[in-house]
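Quick note on labels: first sequence line is chain A, next is B, and so on, each numbered from 1. Just so you know, these numbers use all the heavy atoms, side chains as well, and skip hydrogens, waters and symmetry mates.
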2 protein chains.
Amino acid sequence: MKTKSELTKEMDCQPEECLAALLPVRDALEVLSGRWKLPILIALSNRPKRFKEISKDINGITDKMLSKELKDLEINKLVIRTVYDTFPPTVEYARTEHSHTLYKVISALNEWGTLHRKEIIGK
Amino acid sequence: MKTKSELTKEMDCQPEECLAALLPVRDALEVLSGRWKLPILIALSNRPKRFKEISKDINGITDKMLSKELKDLEINKLVIRTVYDTFPPTVEYARTEHSHTLYKVISALNEWGTLHRKEIIGK
DNA sequence: CGGTATCCCCATTGATACTG
DNA sequence: CAGTATCAATGGGGATACCG
């Protein structure tokens with residue numbers, strides 16, 4: 001059994017502070033939520049790509065979802081869309097600087113997800 | 001413009017490694033997903049509570065959702081359910097040790113969410 | 001090429017009522 | 001008290017076709 005102060009340390013907040021943290025945490029979860037956001041960011045990790053390239057790189061995504069998710073990512077400034085005035089039109093998507101600040105979150109999620117898998121399945 | 005090695009460092013993986021990380025990351029996101037999981041964990045942070053107590057502590061949750069979410073959390077070993085053989089029946093929910101390993105993830109989500117808010121709204 | 005428009009399904013959530 | 005049953009609404013996501 002842990003003491004209350006140990007628990008508090010682990011949660012890093014009293015309930016009131018936890019509630020205050022709820023908003024940013026939910027923001028972060030929402031930005032990464034859904035089946036396609038992370039695959040898209042990964043697809044763009046190496047270099048900028050065009051719509052069809054991304055579409056080919058990600059198994060199972062429809063044009064509609066790719067379009068929608070790219071818009072979401074653009075709104076959240078995780079991806080930048082550049083239109084080149086060529087014929088036929090060329091559109092390029094790239095990760096932003098801001099998207100790279102996700103590193104710590106994804107890393108933490110990866111670590112915990114791995115730990116959790118062991119806890120639930122293997123152990 | 002960043003060099004490729006800088007980007008790689010920021011993502012902490014090559015695309016293939018990123019893809020490998022995708023599963024645990026999605027596991028972690030799924031466990032925390034939805035409107036009620038975190039509020040429930042927060043409600044249980046101080047001390048174990050009974051169904052009605054939690055229900056009163058969380059604004060807007062229905063009995064059905066609370067019941068369902070508690071089951072999910074129990075399956076994921078984040079919450080433990082104890083039935084006391086009294087009349088009327090008493091059921092107590094408590095956070096597990098495992099649930100406290102979430103600390104780093106939530107902390108990272110909180111930090112990034114706060115940064116992200118500044119990036120999107122304020123700056 | 002880089003998307004939209006349309007239609008439809010079904011899973012999630014909610015409201016309300018009820019039960020052991 | 002601690003939930004479950006039932007029904008209804010909402011919307012996310014897929015299939016397909018089409019457009020500038």
Those residues at least two apart in sequence (or on a different chain) that pass salt bridge (charged side-chain N to carboxylate O under 4.0 Å, His left out) with B:Arg47 are B:Glu53

Report the end-to-end axis angle of the helix from C:dC1-D:dG20 to C:dG20-D:dC1; each axis comes from five terminal pairs, and the value is rounded to 10°. 50°

Letter per nucleotide, 5' to 3', of nucleotides 1-19 of chain D [B base touched, S only sugar-phosphate touched, - untouched; heavy atoms, 4.0 Å]: SBBS-B------BBB----

Could you tell me which residues satisfy side chain to side chain donor-acceptor pair (under 3.5 Å) with A:Lys71, sequence neighbours excluded, listed by chain and number? none

Opening and closing nucleotides of DNA chain C in contact with chain B, under 4.0 Å to non-hydrogen atoms: C:dT13 to C:dA15

Quick one: salt bridge (charged side-chain N to carboxylate O under 4.0 Å, His left out) partners of A:Lys52, sequence neighbours excluded? A:Asp63

Please name all residues satisfying side chain to side chain contact (heavy atoms under 4.5 Å, CB included) with A:Lys64, sequence neighbours left out, ordered by chain then number. A:Thr62

Who passes side chain to side chain donor-acceptor pair (under 3.5 Å) against B:Ser67, sequence neighbours left out? none

Report all side-chain donor-acceptor pairs from residues 23-44 of chain B shorter than 3.5 Å, counting only partners two or more places apart or in another chain.
from	atom 1	to	atom 2	distance (Å)
B:Arg26	NH1	A:Gly34	O	3.4
B:Asp27	OD1	A:Arg117	NH1	3.4
B:Asp27	OD2	A:Arg117	NH1	2.2
B:Ser33	OG	B:Glu30	O	2.9
B:Lys37	NZ	B:Ser33	O	3.0

Would you call B:Lys104 and A:Glu111 a salt bridge, using N to O less than 4.0 angstrom? yes

Applying side chain to side chain contact (heavy atoms under 4.5 Å, CB included), name anything that partners B:Thr82, two or more places apart in sequence or on another chain. B:Tyr84

Kindly write out the residues that satisfy salt bridge (charged side-chain N to carboxylate O under 4.0 Å, His left out) with A:Glu74, not counting sequence neighbours, or none if the list is empty. none

Under 30°, 30 to 60°, or over 60°: which ring-plane class applies to A:His98 and B:His116, parallel, tilted or perpendicular? parallel

